[in-house]
Amino acid sequence: AIPSLADTNPEAALAMLQGLPASGHSQQNFYWPIFSRWASTDPVTASQRAAQLPVGSGHDNAIQVVASTWASQDAQAAFAWASALPPSQSRYNAMQTVLSSWANKDPQEASTMIAGLAPGPTRDRAAGNIARQWAQNDPQAALVWTQALPAGEGKNRAMQNVLSAWAQSDPSAAGDYVAGLPVGKIQEDAVKAIARGCSREVARSLVSDEDIAELDQGERFRPPHLVLRKQPGARVAARALHIELLHDVGVDEKHSASRR
């Protein structure tokens, strides 16, 4: 009865729900149909009513439903609303929901919001989501944007996501880029990102039997800059392939190297 009533009168449906005896998860499940339908037709009123609910799981569920539904219609308005919520875990979750939806729909537009966010987990996670979605369609543009981010965890996460997505569409080009990075942890992390994004079949197709033989003879345990000689994109793919194989058998790379 409640979901049906929510189609025509969400306010009445909410009153009916609040009049029911508390029954744990079963009662919480009704917040989704009520506020989803409400936010679809009148997001402003739905958002106001959700914020007025007593603090608790019902309040949090309603906020998340409004954030998700409103963001699919007007991400900018939903973001302004979520940003104005009182500081809380619910506000953090709502902002992440909006930014994730925005990134899926238009990552370039969503990227303009990052500069206005205070440094911290919200901005870091949002940057990672935007970078991942953007790189699926335009890895070069996503890379340029990511490189301009302030140094820190958010930029590192975004870069890993760009390279992982890039490796899915063009692993050789992603490998060539990684081959030109400064030797050290940045390059090591970048190779591992390619390993996550590049399937074993694709990585194997980029390297010759000679490449694999060299790795098998000991080069596999050396730093990537000693592997990246001729055909850098293929060499990174070989390195990524080896990392992936190690993960498959549950062997840590450092432990493997120490046993040689």
Side-chain angles (χ1 to χ4, degrees), residues 43-44 47-48 50-51 55-57 59-168 174 177-178 180-197:
V44 173
S47 65
Q48 293 171 346
V55 175
S57 55
H59 169 275
D60 294 344
N61 288 340
I63 290 291
Q64 294 313 305
V65 175
V66 171
S68 177
T69 305
W70 199 353
S72 66
Q73 301 171 347
D74 187 342
Q76 192 165 1
F79 179 78
W81 161 74
S83 300
L85 291 171
S88 64
Q89 184 63 40
S90 181
R91 175 182 182 272
Y92 171 81
N93 292 340
M95 290 187 66
Q96 290 302 326
T97 297
V98 172
L99 287 168
S100 179
S101 177
W102 203 347
N104 288 333
K105 190 174 183 180
D106 190 341
Q108 185 171 0
E109 184 179 86
S111 70
T112 62
M113 292 296 102
I114 293 296
L117 294 177
T122 299
R123 188 174 71 177
D124 291 348
R125 186 174 175 183
N129 288 336
I130 290 170
R132 181 189 303 107
Q133 295 300 327
W134 200 345
Q136 290 177 0
N137 297 319
D138 191 344
Q140 295 284 358
L143 180 64
V144 170
W145 174 75
T146 301
Q147 289 172 326
L149 291 173
E153 178 60 30
K155 181 175 184 176
N156 295 340
R157 179 185 298 179
M159 182 62 72
Q160 301 304 307
N161 289 345
V162 168
L163 292 174
S164 183
W166 195 3
Q168 294 177 26
Y177 170 77
V178 172
L181 292 175
V183 174
K185 187 177 185 303
I186 292 177
Q187 192 183 59
E188 288 277 3
D189 290 343
V191 172
K192 292 176 182 179
I194 289 182
R196 290 193 297 270

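For the numbers below, each heavy atom of this structure counts, side chains included, while hydrogens, waters and symmetry mates do not. Just so it is clear, the model here is predicted, and its values are computed rather than measured. Numbering starts at 1 and runs along the sequence shown.
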Chemist: How close do Leu149 and Lys155 get, heavy atom to heavy atom, and via which atoms?
Modeler: O-CD, 3.3 Å
Chemist: Tell me if a side-chain donor or acceptor on Asn161 pairs with a main-chain N or O of Gly128 at a distance below 3.5 Å.
Modeler: yes
Chemist: Look up atom CG in Asp189 and atom CE in Met159, then write down how far apart they are to the nearest 0.5 Å.
Modeler: 11.5 Å
Chemist: Rounded to the nearest 0.5 Å, how far apart are NZ of Lys192 and CD1 of Ile194?
Modeler: 13.0 Å
Chemist: Give a yes or no answer on whether the side chain of Ser72 reaches the backbone of Thr69 with a donor-acceptor pair at less than 3.5 Å.
Modeler: yes
Chemist: Ignoring hydrogens and angles, tell me if any N or O in the side chain of Gln187 forms a donor-acceptor pair with the backbone of Val178 under 3.5 Å.
Modeler: yes
Chemist: Using a 6.0 Å cut-off, check whether atom CD of Gln136 has over 12 heavy atoms from anything other than its own residue.
Modeler: yes
Chemist: Does Gln64 offer a backbone N or O that forms a donor-acceptor pair with the side chain of Ser68 under 3.5 Å?
Modeler: no
Chemist: Identify the heavy atoms of Leu99 and Ala126 that sit nearest to each other, and give their distance.
Modeler: CD1-CB, 3.4 Å
Chemist: Can you name the nearest heavy-atom pair linking Ala94 to Leu85, along with the distance?
Modeler: CB-CD1, 4.1 Å
Chemist: Between Ser101 (side chain) and Val98 (backbone), is there a donor-acceptor pair under 3.5 Å?
Modeler: no
Chemist: What's the spacing between Leu143 CG and Trp166 CH2 if we round to 0.5 Å?
Modeler: 5.5 Å
Chemist: Return yes if some donor-acceptor pair links the side-chain N/O of Ser47 with the main-chain N/O of Val44 below 3.5 Å, else return no.
Modeler: yes
Chemist: Would you confirm whether Ser111, through its side chain, and Gln108, through its main-chain N or O, come within 3.5 Å as a donor-acceptor pair?
Modeler: yes
Chemist: Starting at CG of Asp124, measure out to CG of Asn129 and round the result to the nearest 0.5 Å.
Modeler: 11.0 Å
Chemist: Does one side chain, of Gln160 or Asn156, offer a donor that lies under 3.5 Å from an acceptor on the other?
Modeler: no
Chemist: For atom CD of Gln96, decide whether the heavy atoms of other residues, nucleotides or ligands shown that lie under 6.0 angstrom number more than 12.
Modeler: yes
Chemist: Can you name the closest pair of heavy atoms from Ser90 and His59 and give their distance?
Modeler: OG-CE1, 4.0 Å
Chemist: So, does Arg132 use its side chain to make a donor-acceptor pair with the main chain of Ala158 at under 3.5 Å?
Modeler: no
Chemist: Between Leu117 and Met95, is any pair of side-chain heavy atoms under 4.5 Å apart?
Modeler: yes
Chemist: As an exercise, state the distance from CE of Met113 to CD of Gln76, rounded to the nearest 0.5 Å.
Modeler: 5.5 Å
Chemist: Restricting to non-hydrogen atoms, name the atom on Ala131 and the atom on Ala142 that form the minimum distance, rounded to 0.1 Å.
Modeler: O-CB, 4.1 Å
Chemist: Any idea which heavy atoms bring Ile114 and Arg123 closest together, and the distance?
Modeler: O-CD, 3.5 Å
Chemist: Given side chains that start at C-beta, do those of Leu163 and Tyr177 come closer than 4.5 Å, heavy atoms only?
Modeler: yes
Chemist: Once rounded to the nearest 0.5 Å, what's the spacing between atom CG of Asp74 and atom CH2 of Trp102?
Modeler: 8.5 Å
